[in-house]
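Single-structure report; data block below.
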Amino acid sequence: MDGTEGNAGQPGPAERSHRSSVSSVGARVADVLVYLADDTVLPLAVENLPSLSAHELHRAVREVLQLPDIALDAFALWLVSPLLEVQLKPKHQPYKLGRQWPELLLRFTDASDDDVAVDEPSLQFRRNVFFPKRRELQIHDEEVLRLLYEEAKGNVLAARYPCDVEDCEALGALVCRVQLGPYQPGQPTACALREKLDSFLPAHLCKRGQGLFAAFRGRGAKAATGEQGLLNAYCRVKEAVGADGERGASLSPHYRAYLLKSHELPFYGCAFFHGEVDKPAQGFLHRGGRKPVAVAISLEGVHVIDSREKHVLLGLRFQELSWDHTSPEEEESVLWLEFDGDNEGTPVNRLLKIYSKQAELMSGLIEYCIELNQTSEPAAPQENVPGPAAGSPLPPAQRPPLRRQGSVMCSRLQHLSTIDYVEEGVGTKQWGHVRWNQGSW
(Lines give C-alpha, C1' and ligand atoms only; values in the text may rest on other atoms or scores of the structure.)
Protein backbone atom coordinates (compact mmCIF):
# COMPACT_ATOMS: atom_id res chain seq x y z
CA MET A 1 0.00 0.00 0.00
CA ASP A 2 2.81 2.34 -0.88
CA GLY A 3 1.80 5.98 -0.56
CA THR A 4 -1.83 5.37 0.39
CA GLU A 5 -3.51 7.73 2.78
CA GLY A 6 -5.89 6.60 5.48
CA ASN A 7 -7.18 6.99 8.98
CA ALA A 8 -8.46 4.67 11.62
CA GLY A 9 -10.88 5.04 14.47
CA GLN A 10 -11.88 2.63 17.20
CA PRO A 11 -15.68 2.95 17.67
CA GLY A 12 -17.68 0.41 19.67
CA PRO A 13 -19.42 -2.55 18.07
CA ALA A 14 -22.79 -0.79 18.17
CA GLU A 15 -21.47 1.94 15.86
CA ARG A 16 -20.14 -0.45 13.24
CA SER A 17 -21.90 -1.33 10.04
CA HIS A 18 -20.29 -3.74 7.62
CA ARG A 19 -21.32 -2.80 4.10
CA SER A 20 -19.98 -4.90 1.30
CA SER A 21 -19.27 -3.19 -2.00
CA VAL A 22 -19.25 -6.41 -4.05
CA SER A 23 -22.62 -8.16 -4.12
CA SER A 24 -21.74 -10.82 -6.68
CA VAL A 25 -18.73 -11.80 -8.73
CA GLY A 26 -19.15 -13.85 -11.85
CA ALA A 27 -16.78 -14.93 -14.55
CA ARG A 28 -17.12 -11.59 -16.36
CA VAL A 29 -19.61 -9.20 -14.71
CA ALA A 30 -19.81 -8.10 -11.07
CA ASP A 31 -22.24 -5.82 -9.26
CA VAL A 32 -20.29 -3.17 -7.36
CA LEU A 33 -21.88 -0.84 -4.81
CA VAL A 34 -20.37 2.62 -4.46
CA TYR A 35 -21.54 4.73 -1.51
CA LEU A 36 -21.96 8.48 -1.92
CA ALA A 37 -21.53 11.13 0.77
CA ASP A 38 -25.27 11.21 1.55
CA ASP A 39 -25.17 7.42 2.13
CA THR A 40 -27.06 6.64 -1.07
CA VAL A 41 -25.84 3.61 -3.01
CA LEU A 42 -24.77 3.65 -6.63
CA PRO A 43 -24.89 0.13 -8.16
CA LEU A 44 -22.49 -0.53 -11.03
CA ALA A 45 -22.19 -3.59 -13.26
CA VAL A 46 -18.53 -3.91 -14.24
CA GLU A 47 -16.47 -6.44 -16.12
CA ASN A 48 -13.16 -7.92 -14.98
CA LEU A 49 -13.50 -6.53 -11.47
CA PRO A 50 -10.31 -8.16 -10.06
CA SER A 51 -8.16 -6.21 -12.53
CA LEU A 52 -10.24 -3.01 -12.60
CA SER A 53 -8.31 0.10 -11.50
CA ALA A 54 -9.64 2.86 -9.26
CA HIS A 55 -9.27 5.26 -12.20
CA GLU A 56 -11.57 3.14 -14.39
CA LEU A 57 -14.13 2.73 -11.62
CA HIS A 58 -13.98 6.47 -10.87
CA ARG A 59 -14.78 7.17 -14.53
CA ALA A 60 -17.77 4.81 -14.38
CA VAL A 61 -19.13 6.66 -11.33
CA ARG A 62 -18.72 10.04 -13.04
CA GLU A 63 -20.50 8.79 -16.16
CA VAL A 64 -23.49 7.44 -14.22
CA LEU A 65 -23.79 10.62 -12.14
CA GLN A 66 -23.10 12.79 -15.23
CA LEU A 67 -20.51 14.83 -13.41
CA PRO A 68 -18.29 17.40 -15.17
CA ASP A 69 -14.54 17.01 -15.64
CA ILE A 70 -13.73 18.86 -12.40
CA ALA A 71 -15.06 15.81 -10.52
CA LEU A 72 -11.99 13.85 -11.64
CA ASP A 73 -9.86 16.05 -9.36
CA ALA A 74 -12.44 16.88 -6.70
CA PHE A 75 -13.29 13.31 -5.72
CA ALA A 76 -11.48 10.04 -5.11
CA LEU A 77 -12.48 6.49 -4.35
CA TRP A 78 -11.94 5.36 -0.77
CA LEU A 79 -12.03 2.01 0.99
CA VAL A 80 -13.67 2.72 4.33
CA SER A 81 -14.54 0.72 7.42
CA PRO A 82 -14.89 1.68 11.09
CA LEU A 83 -11.29 0.56 11.58
CA LEU A 84 -9.44 2.10 8.63
CA GLU A 85 -9.93 4.59 5.80
CA VAL A 86 -7.75 4.57 2.69
CA GLN A 87 -7.88 6.97 -0.26
CA LEU A 88 -7.04 5.00 -3.39
CA LYS A 89 -4.55 6.05 -6.01
CA PRO A 90 -5.78 5.88 -9.64
CA LYS A 91 -3.55 2.81 -10.25
CA HIS A 92 -4.87 0.87 -7.24
CA GLN A 93 -7.17 -2.09 -7.82
CA PRO A 94 -10.04 -1.81 -5.28
CA TYR A 95 -10.97 -5.48 -5.43
CA LYS A 96 -7.44 -6.66 -4.65
CA LEU A 97 -7.04 -4.14 -1.84
CA GLY A 98 -10.35 -5.33 -0.43
CA ARG A 99 -9.04 -8.88 -0.38
CA GLN A 100 -5.93 -7.64 1.44
CA TRP A 101 -7.97 -5.71 4.01
CA PRO A 102 -7.19 -7.98 7.01
CA GLU A 103 -3.45 -7.55 6.33
CA LEU A 104 -3.84 -3.77 6.21
CA LEU A 105 -5.75 -3.77 9.50
CA LEU A 106 -3.05 -5.80 11.21
CA ARG A 107 -0.37 -3.45 9.88
CA PHE A 108 -2.04 -0.09 10.50
CA THR A 109 -4.47 -0.58 13.39
CA ASP A 110 -4.56 -2.00 16.89
CA ALA A 111 -7.77 -3.92 16.19
CA SER A 112 -8.21 -7.29 17.83
CA ASP A 113 -8.19 -10.49 15.80
CA ASP A 114 -11.96 -10.81 16.30
CA ASP A 115 -12.58 -7.29 14.98
CA VAL A 116 -10.26 -7.87 12.03
CA ALA A 117 -12.11 -11.07 11.16
CA VAL A 118 -15.50 -9.36 10.81
CA ASP A 119 -14.46 -5.96 9.45
CA GLU A 120 -15.31 -5.34 5.80
CA PRO A 121 -14.69 -2.12 3.85
CA SER A 122 -17.15 -0.29 1.63
CA LEU A 123 -16.19 1.61 -1.52
CA GLN A 124 -16.97 5.32 -1.16
CA PHE A 125 -16.89 8.29 -3.52
CA ARG A 126 -15.53 11.12 -1.39
CA ARG A 127 -13.61 14.36 -1.53
CA ASN A 128 -10.00 14.09 -2.66
CA VAL A 129 -7.61 15.09 0.16
CA PHE A 130 -5.34 16.73 -2.44
CA PHE A 131 -8.05 18.97 -3.97
CA PRO A 132 -7.26 22.60 -3.01
CA LYS A 133 -9.98 24.69 -1.41
CA ARG A 134 -9.26 27.53 -3.84
CA ARG A 135 -10.35 25.28 -6.73
CA GLU A 136 -13.43 24.19 -4.84
CA LEU A 137 -14.61 27.81 -4.88
CA GLN A 138 -14.57 27.77 -8.69
CA ILE A 139 -17.08 24.91 -9.01
CA HIS A 140 -20.51 25.79 -10.43
CA ASP A 141 -22.04 22.38 -11.09
CA GLU A 142 -24.85 21.88 -8.57
CA GLU A 143 -24.42 18.12 -8.19
CA VAL A 144 -20.71 18.43 -7.44
CA LEU A 145 -21.46 21.17 -4.90
CA ARG A 146 -24.18 18.98 -3.36
CA LEU A 147 -21.83 16.03 -2.90
CA LEU A 148 -19.20 18.24 -1.28
CA TYR A 149 -21.88 19.83 0.92
CA GLU A 150 -23.22 16.44 2.03
CA GLU A 151 -19.76 15.24 3.02
CA ALA A 152 -18.92 18.41 4.94
CA LYS A 153 -22.32 18.31 6.68
CA GLY A 154 -21.78 14.69 7.72
CA ASN A 155 -18.38 15.53 9.22
CA VAL A 156 -19.84 18.47 11.17
CA LEU A 157 -22.81 16.49 12.51
CA ALA A 158 -20.54 13.60 13.52
CA ALA A 159 -18.26 16.12 15.33
CA ARG A 160 -15.37 14.97 13.20
CA TYR A 161 -14.96 18.68 12.45
CA PRO A 162 -15.05 20.30 15.92
CA CYS A 163 -16.99 23.58 15.77
CA ASP A 164 -17.89 26.36 18.15
CA VAL A 165 -21.59 26.69 18.97
CA GLU A 166 -21.90 29.82 16.81
CA ASP A 167 -20.43 28.03 13.81
CA CYS A 168 -22.64 24.98 14.38
CA GLU A 169 -25.70 27.21 14.40
CA ALA A 170 -24.65 29.06 11.24
CA LEU A 171 -23.98 25.79 9.42
CA GLY A 172 -27.13 24.20 10.80
CA ALA A 173 -29.16 27.18 9.56
CA LEU A 174 -27.96 26.52 6.00
CA VAL A 175 -29.01 22.87 6.38
CA CYS A 176 -32.44 24.13 7.49
CA ARG A 177 -32.64 26.25 4.36
CA VAL A 178 -31.70 23.30 2.12
CA GLN A 179 -34.11 20.87 3.77
CA LEU A 180 -37.00 23.13 4.80
CA GLY A 181 -36.90 25.91 2.21
CA PRO A 182 -36.80 29.68 2.81
CA TYR A 183 -37.48 30.87 6.32
CA GLN A 184 -41.08 31.92 6.96
CA PRO A 185 -41.82 33.90 10.15
CA GLY A 186 -43.52 31.64 12.66
CA GLN A 187 -42.79 28.47 10.68
CA PRO A 188 -41.00 26.48 11.84
CA THR A 189 -40.98 27.25 15.54
CA ALA A 190 -38.11 26.34 17.79
CA CYS A 191 -40.18 23.45 19.11
CA ALA A 192 -40.68 22.10 15.60
CA LEU A 193 -36.95 22.28 14.96
CA ARG A 194 -36.38 20.36 18.17
CA GLU A 195 -37.90 17.22 16.64
CA LYS A 196 -35.23 17.15 13.89
CA LEU A 197 -32.44 18.83 15.80
CA ASP A 198 -29.93 16.06 15.15
CA SER A 199 -30.32 16.73 11.40
CA PHE A 200 -29.03 20.26 11.90
CA LEU A 201 -26.64 20.21 14.89
CA PRO A 202 -24.00 17.81 16.28
CA ALA A 203 -25.28 15.33 18.86
CA HIS A 204 -23.61 17.05 21.84
CA LEU A 205 -25.68 20.20 21.15
CA CYS A 206 -28.92 18.21 20.86
CA LYS A 207 -28.99 16.71 24.36
CA ARG A 208 -32.24 17.49 26.09
CA GLY A 209 -32.47 18.11 29.79
CA GLN A 210 -33.31 15.14 31.98
CA GLY A 211 -34.37 14.57 35.54
CA LEU A 212 -35.19 17.37 37.99
CA PHE A 213 -34.32 20.33 35.73
CA ALA A 214 -36.34 18.89 32.85
CA ALA A 215 -39.42 18.69 35.08
CA PHE A 216 -39.29 22.45 35.70
CA ARG A 217 -39.03 23.19 32.01
CA GLY A 218 -42.63 22.31 31.16
CA ARG A 219 -44.44 22.48 27.86
CA GLY A 220 -44.46 26.25 27.62
CA ALA A 221 -40.86 26.75 28.64
CA LYS A 222 -38.37 28.73 26.61
CA ALA A 223 -36.59 26.82 23.85
CA ALA A 224 -33.13 25.53 24.57
CA THR A 225 -30.20 27.71 23.57
CA GLY A 226 -29.22 25.50 20.61
CA GLU A 227 -32.75 25.45 19.22
CA GLN A 228 -33.30 29.19 19.55
CA GLY A 229 -29.82 29.98 18.26
CA LEU A 230 -30.45 27.74 15.26
CA LEU A 231 -33.80 29.43 14.59
CA ASN A 232 -32.22 32.89 14.85
CA ALA A 233 -29.48 31.89 12.40
CA TYR A 234 -32.07 30.32 10.04
CA CYS A 235 -34.01 33.55 9.76
CA ARG A 236 -30.77 35.36 8.80
CA VAL A 237 -29.96 33.09 5.85
CA LYS A 238 -29.91 35.25 2.73
CA GLU A 239 -31.79 34.26 -0.39
CA ALA A 240 -30.03 34.41 -3.75
CA VAL A 241 -31.66 36.72 -6.28
CA GLY A 242 -31.34 36.04 -10.02
CA ALA A 243 -30.58 38.54 -12.77
CA ASP A 244 -34.32 38.98 -13.36
CA GLY A 245 -34.89 39.90 -9.73
CA GLU A 246 -36.57 36.59 -8.95
CA ARG A 247 -35.47 34.35 -6.10
CA GLY A 248 -33.95 31.28 -7.71
CA ALA A 249 -34.94 27.70 -6.92
CA SER A 250 -31.35 26.50 -7.20
CA LEU A 251 -29.73 25.29 -4.00
CA SER A 252 -26.21 25.96 -5.32
CA PRO A 253 -25.82 29.29 -3.45
CA HIS A 254 -26.63 27.55 -0.18
CA TYR A 255 -24.32 24.61 -0.88
CA ARG A 256 -21.59 27.11 -1.70
CA ALA A 257 -22.31 29.14 1.44
CA TYR A 258 -22.01 25.99 3.55
CA LEU A 259 -18.66 25.13 1.94
CA LEU A 260 -17.37 28.67 2.40
CA LYS A 261 -18.22 28.54 6.08
CA SER A 262 -16.65 25.07 6.34
CA HIS A 263 -13.44 26.43 4.80
CA GLU A 264 -12.97 28.47 7.97
CA LEU A 265 -12.46 25.20 9.84
CA PRO A 266 -8.73 24.45 9.69
CA PHE A 267 -9.31 20.69 9.33
CA TYR A 268 -11.78 20.88 6.42
CA GLY A 269 -10.87 18.33 3.75
CA CYS A 270 -8.33 16.54 5.96
CA ALA A 271 -7.47 12.87 6.09
CA PHE A 272 -7.91 11.60 9.65
CA PHE A 273 -5.69 9.19 11.55
CA HIS A 274 -5.98 7.54 14.93
CA GLY A 275 -3.32 7.93 17.61
CA GLU A 276 -2.51 8.66 21.24
CA VAL A 277 -0.45 11.31 23.04
CA ASP A 278 1.00 11.49 26.53
CA LYS A 279 -1.02 13.41 29.11
CA PRO A 280 0.81 15.97 31.27
CA ALA A 281 1.77 14.56 34.65
CA GLN A 282 -0.76 15.63 37.28
CA GLY A 283 -1.35 15.28 41.00
CA PHE A 284 0.90 14.36 43.88
CA LEU A 285 2.01 11.14 42.19
CA HIS A 286 2.58 12.85 38.83
CA ARG A 287 0.44 10.35 37.02
CA GLY A 288 0.10 10.83 33.30
CA GLY A 289 -1.13 8.17 30.91
CA ARG A 290 -2.30 8.67 27.35
CA LYS A 291 -5.28 10.24 25.64
CA PRO A 292 -6.75 9.27 22.24
CA VAL A 293 -6.39 11.84 19.48
CA ALA A 294 -7.31 12.27 15.85
CA VAL A 295 -4.54 13.60 13.62
CA ALA A 296 -5.96 15.64 10.73
CA ILE A 297 -3.66 16.29 7.76
CA SER A 298 -4.43 18.44 4.72
CA LEU A 299 -2.59 20.50 2.12
CA GLU A 300 -2.30 23.28 4.70
CA GLY A 301 -0.92 21.55 7.77
CA VAL A 302 -1.47 19.20 10.71
CA HIS A 303 -3.98 19.37 13.53
CA VAL A 304 -4.09 17.15 16.60
CA ILE A 305 -7.65 16.86 17.96
CA ASP A 306 -8.77 15.49 21.32
CA SER A 307 -11.02 12.59 20.33
CA ARG A 308 -13.15 12.79 23.49
CA GLU A 309 -13.37 16.52 24.18
CA LYS A 310 -13.67 17.40 20.46
CA HIS A 311 -11.29 20.36 20.51
CA VAL A 312 -7.92 21.15 18.96
CA LEU A 313 -4.83 20.40 21.00
CA LEU A 314 -2.28 21.58 18.44
CA GLY A 315 -2.48 23.18 14.99
CA LEU A 316 0.59 23.68 12.81
CA ARG A 317 1.14 24.82 9.25
CA PHE A 318 3.85 22.97 7.36
CA GLN A 319 6.09 26.04 7.58
CA GLU A 320 5.99 25.71 11.37
CA LEU A 321 7.00 22.09 11.85
CA SER A 322 9.58 19.38 11.30
CA TRP A 323 8.59 15.74 11.53
CA ASP A 324 9.69 12.14 11.34
CA HIS A 325 8.43 8.70 12.31
CA THR A 326 9.98 5.68 13.98
CA SER A 327 9.19 2.27 12.57
CA PRO A 328 7.81 -0.61 14.64
CA GLU A 329 11.05 -2.52 14.06
CA GLU A 330 12.92 0.08 16.09
CA GLU A 331 10.37 0.63 18.86
CA GLU A 332 6.70 1.53 19.23
CA SER A 333 5.48 3.23 16.06
CA VAL A 334 5.56 7.00 16.63
CA LEU A 335 5.05 10.20 14.62
CA TRP A 336 7.28 12.98 15.96
CA LEU A 337 6.32 16.64 15.47
CA GLU A 338 8.82 19.39 16.30
CA PHE A 339 7.83 23.07 16.52
CA ASP A 340 8.97 26.30 18.15
CA GLY A 341 7.78 27.04 21.67
CA ASP A 342 8.38 29.16 24.72
CA ASN A 343 9.33 27.93 28.17
CA GLU A 344 9.16 30.69 30.79
CA GLY A 345 10.34 33.26 28.28
CA THR A 346 13.07 31.09 26.75
CA PRO A 347 12.65 30.03 23.11
CA VAL A 348 12.75 26.23 22.92
CA ASN A 349 12.24 23.42 20.46
CA ARG A 350 9.24 21.29 21.36
CA LEU A 351 8.74 17.62 20.49
CA LEU A 352 5.31 16.00 20.46
CA LYS A 353 5.20 12.22 20.40
CA ILE A 354 2.13 10.68 18.71
CA TYR A 355 1.83 6.94 19.21
CA SER A 356 0.15 5.33 16.22
CA LYS A 357 0.54 2.32 13.96
CA GLN A 358 -0.34 4.78 11.19
CA ALA A 359 2.75 6.94 11.79
CA GLU A 360 4.23 5.76 8.49
CA LEU A 361 1.07 6.80 6.62
CA MET A 362 0.98 10.18 8.34
CA SER A 363 4.64 10.91 7.62
CA GLY A 364 4.20 9.97 3.96
CA LEU A 365 1.12 12.17 3.62
CA ILE A 366 2.86 15.18 5.18
CA GLU A 367 5.78 14.79 2.80
CA TYR A 368 3.52 14.43 -0.24
CA CYS A 369 1.39 17.46 0.72
CA ILE A 370 4.51 19.61 1.00
CA GLU A 371 5.74 18.38 -2.39
CA LEU A 372 2.35 19.22 -3.95
CA ASN A 373 2.45 22.72 -2.48
CA GLN A 374 5.94 23.27 -3.86
CA THR A 375 5.06 22.09 -7.37
CA SER A 376 1.62 23.72 -7.57
CA GLU A 377 2.75 27.27 -6.74
CA PRO A 378 4.66 28.01 -9.97
CA ALA A 379 2.13 26.06 -12.06
CA ALA A 380 -0.96 27.76 -10.68
CA PRO A 381 -1.01 30.88 -12.94
CA GLN A 382 -1.08 28.63 -16.02
CA GLU A 383 -4.32 26.99 -15.00
CA ASN A 384 -7.18 27.91 -17.30
CA VAL A 385 -9.61 28.85 -14.55
CA PRO A 386 -11.52 32.10 -13.98
CA GLY A 387 -11.58 34.25 -10.91
CA PRO A 388 -9.04 35.80 -8.57
CA ALA A 389 -8.53 32.55 -6.64
CA ALA A 390 -6.45 30.93 -9.38
CA GLY A 391 -3.11 31.82 -7.79
CA SER A 392 -1.16 30.23 -4.98
CA PRO A 393 -2.96 28.87 -1.88
CA LEU A 394 -4.61 31.49 0.28
CA PRO A 395 -2.04 32.84 2.76
CA PRO A 396 -2.97 32.42 6.43
CA ALA A 397 -3.30 36.19 6.91
CA GLN A 398 -6.23 36.28 4.48
CA ARG A 399 -8.23 33.56 6.21
CA PRO A 400 -11.08 34.69 8.47
CA PRO A 401 -9.69 35.11 11.99
CA LEU A 402 -10.88 32.62 14.59
CA ARG A 403 -10.16 34.47 17.81
CA ARG A 404 -13.06 33.54 20.08
CA GLN A 405 -11.90 33.06 23.64
CA GLY A 406 -12.08 29.35 24.43
CA SER A 407 -12.71 28.39 20.79
CA VAL A 408 -12.48 24.65 20.12
CA MET A 409 -10.12 25.57 17.27
CA CYS A 410 -7.49 27.22 19.48
CA SER A 411 -4.47 25.10 20.40
CA ARG A 412 -4.39 23.79 23.97
CA LEU A 413 -0.70 23.10 24.53
CA GLN A 414 -1.25 22.90 28.28
CA HIS A 415 -3.10 19.62 27.66
CA LEU A 416 -0.09 18.08 25.93
CA SER A 417 3.08 16.57 27.32
CA THR A 418 5.99 17.71 25.13
CA ILE A 419 9.76 17.39 25.30
CA ASP A 420 11.32 20.88 25.39
CA TYR A 421 14.98 21.45 24.60
CA VAL A 422 17.36 24.15 23.41
CA GLU A 423 19.80 23.38 20.62
CA GLU A 424 22.80 25.44 19.60
CA GLY A 425 23.58 26.04 15.93
CA VAL A 426 21.57 25.57 12.80
CA GLY A 427 20.91 22.69 10.43
CA THR A 428 19.13 19.36 10.54
CA LYS A 429 17.72 18.80 13.99
CA GLN A 430 18.30 15.46 15.64
CA TRP A 431 16.86 13.89 18.75
CA GLY A 432 18.21 10.47 19.59
CA HIS A 433 17.88 8.40 16.45
CA VAL A 434 15.32 10.73 14.85
CA ARG A 435 16.47 12.63 11.77
CA TRP A 436 14.08 15.51 11.10
CA ASN A 437 12.39 16.34 7.82
CA GLN A 438 12.02 20.08 7.44
CA GLY A 439 8.44 21.14 6.70
CA SER A 440 9.17 24.67 5.47
CA TRP A 441 8.51 25.44 1.82
Side-chain angles (χ1 to χ4, degrees), residues 1-7 18-81 83-105 107-108 119-132 135-136 138-139 141-148 150-151 269 271 299 361 364-365 368-369 371-372 375-376 379 383-385:
M1 200 176 78
D2 178 42
T4 55
E5 290 75 44
N7 87 320
H18 303 289
R19 304 182 297 184
S20 174
S21 282
V22 181
S23 58
S24 65
V25 180
R28 292 181 58 83
V29 179
D31 295 324
V32 178
L33 304 180
V34 179
Y35 292 80
L36 305 182
D38 58 359
D39 219 26
T40 58
V41 183
L42 184 68
L44 297 174
V46 299
E47 295 185 351
N48 301 317
L49 177 61
S51 60
L52 196 69
S53 70
H55 176 74
E56 293 167 317
L57 200 53
H58 193 287
R59 181 176 59 207
V61 173
R62 298 197 314 274
E63 289 175 353
V64 172
L65 296 178
Q66 298 182 331
L67 299 178
D69 292 342
I70 189 68
L72 175 62
D73 297 329
F75 299 100
L77 286 174
W78 292 66
L79 280 177
V80 178
S81 83
L83 299 178
L84 183 66
E85 301 183 3
V86 177
Q87 178 174 314
L88 305 185
K89 291 181 177 181
K91 66 179 182 181
H92 279 147
Q93 295 173 325
Y95 180 78
K96 290 185 178 179
L97 276 179
R99 295 293 297 270
Q100 298 169 4
W101 198 248
E103 300 170 27
L104 299 180
L105 295 180
R107 180 179 175 186
F108 294 116
D119 192 64
E120 187 174 358
S122 62
L123 195 60
Q124 299 190 13
F125 191 71
R126 289 171 33 172
R127 190 185 188 279
N128 182 356
V129 171
F130 308 115
F131 188 64
R135 290 193 62 195
E136 193 170 288
Q138 299 157 11
I139 296 174
D141 183 85
E142 182 162 324
E143 181 61 12
V144 174
L145 290 171
R146 186 189 73 82
L147 290 172
L148 293 169
E150 291 286 354
E151 184 170 342
L299 288 172
L361 294 177
L365 180 55
Y368 189 59
C369 285
E371 289 177 359
L372 281 180
T375 56
S376 65
E383 293 179 8
N384 186 21
V385 289

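- Of the possible donor and acceptor atoms, one in the side chain of Glu151 sits under 3.5 Å from a partner among the backbone N and O of Arg127.
- A distance-only check finds no donor-acceptor pair linking the side chain of Asp31 to the backbone of Ala45 [under 3.5 Å].
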Steps toward side-chain contact (heavy atoms from CB on, under 4.5 Å) verdict (Phe108, Leu361):
CA-CA 8 Å; Phe108 294 116; Leu361 294 177; 3.7 Å; yes
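- Salt bridge Arg146/Asp38: present, at least one basic N to carboxylate O contact under 4.0 Å.
- With contacts defined as side-chain heavy-atom distances shorter than 4.5 Å, the pair Phe75/Leu147 qualifies.
- Considering all non-hydrogen atoms of both residues, Glu47 and Val29 come closest at CG-CG2, 4.0 Å.
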Residues Leu65, Leu36; criterion side-chain contact (heavy atoms from CB on, under 4.5 Å); working and verdict:
CA-CA 11 Å; Leu65 296 178; Leu36 305 182; 4.1 Å; yes
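- Here CG of Leu79 is found 8.5 Å from CG of Leu104. Values are rounded to the nearest 0.5 Å.
- When every heavy atom of Val129 is checked against every heavy atom of Leu299, the shortest pair comes out as O-CG, 4.1 Å.
- Listed here is the closest heavy atom pair of Leu365 and Ala271: CD2-CB, 3.8 Å.
- The NE2 atom of His92 sits 12.0 Å away from atom CG of Leu77, with the distance rounded to the nearest 0.5 Å.
- In this structure the side chain of Arg126 reaches within 4.5 angstrom of the side chain of Val80, judged on heavy atoms.
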Please test Gln93 against Ser51 for side-chain contact (heavy atoms from CB on, under 4.5 Å), starting from the C-alpha separation and ending with a verdict.
CA-CA 6 Å; Gln93 295 173 325; Ser51 60; 4.2 Å; yes
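- The main-chain N or O of Lys89 is never found under 3.5 Å from a side-chain atom of His55 such that the two would form a donor-acceptor pair.
- With rounding to the nearest 0.5 angstrom, the CD atom of Glu143 is 6.0 Å from the CG atom of Leu67.
- Annotation: Tyr368 is in aromatic contact with Phe130 [ring centroid separation under 6.0 Å].
- Interatomic distance, Leu33 CG to Leu123 CG, rounded to the nearest 0.5 Å: 9.0 Å.
- Side-chain contact between Trp101 and Val86 is present, with heavy atoms from C-beta onward closer than 4.5 Å.
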Step by step, would you call Phe131 with Ile139 a side-chain contact (heavy atoms from CB on, under 4.5 Å)?
CA-CA 12 Å; Phe131 188 64; Ile139 296 174; 4.0 Å; yes
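- The shortest heavy-atom contact between Ala54 and Leu88 is CB-CB, 4.1 Å.
- Atoms CZ and CZ, on Phe125 and Arg62 in that order, are 7.0 Å from each other to the nearest 0.5 Å.
- Note: Asn128 CG to Glu136 CD = 11.0 Å, rounded to the nearest 0.5 Å.
- For the residue pair Gln87 and Trp78, the shortest heavy atom distance occurs at OE1-CZ2, 3.0 Å.
- A donor-acceptor pair under 3.5 Å links the side-chain atoms of Asp141 to the main chain of Val144, judged by distance alone.
- Here the closest non-hydrogen pair linking Pro94 and Leu57 is CG-CD2, 4.2 Å.
- For the pair His58/Pro90, no side-chain contact is recorded, criterion being any heavy-atom separation below 4.5 Å from C-beta on.
- At least one donor-acceptor pair under 3.5 Å links the side chain of Glu56 to the backbone N or O of Ser53.
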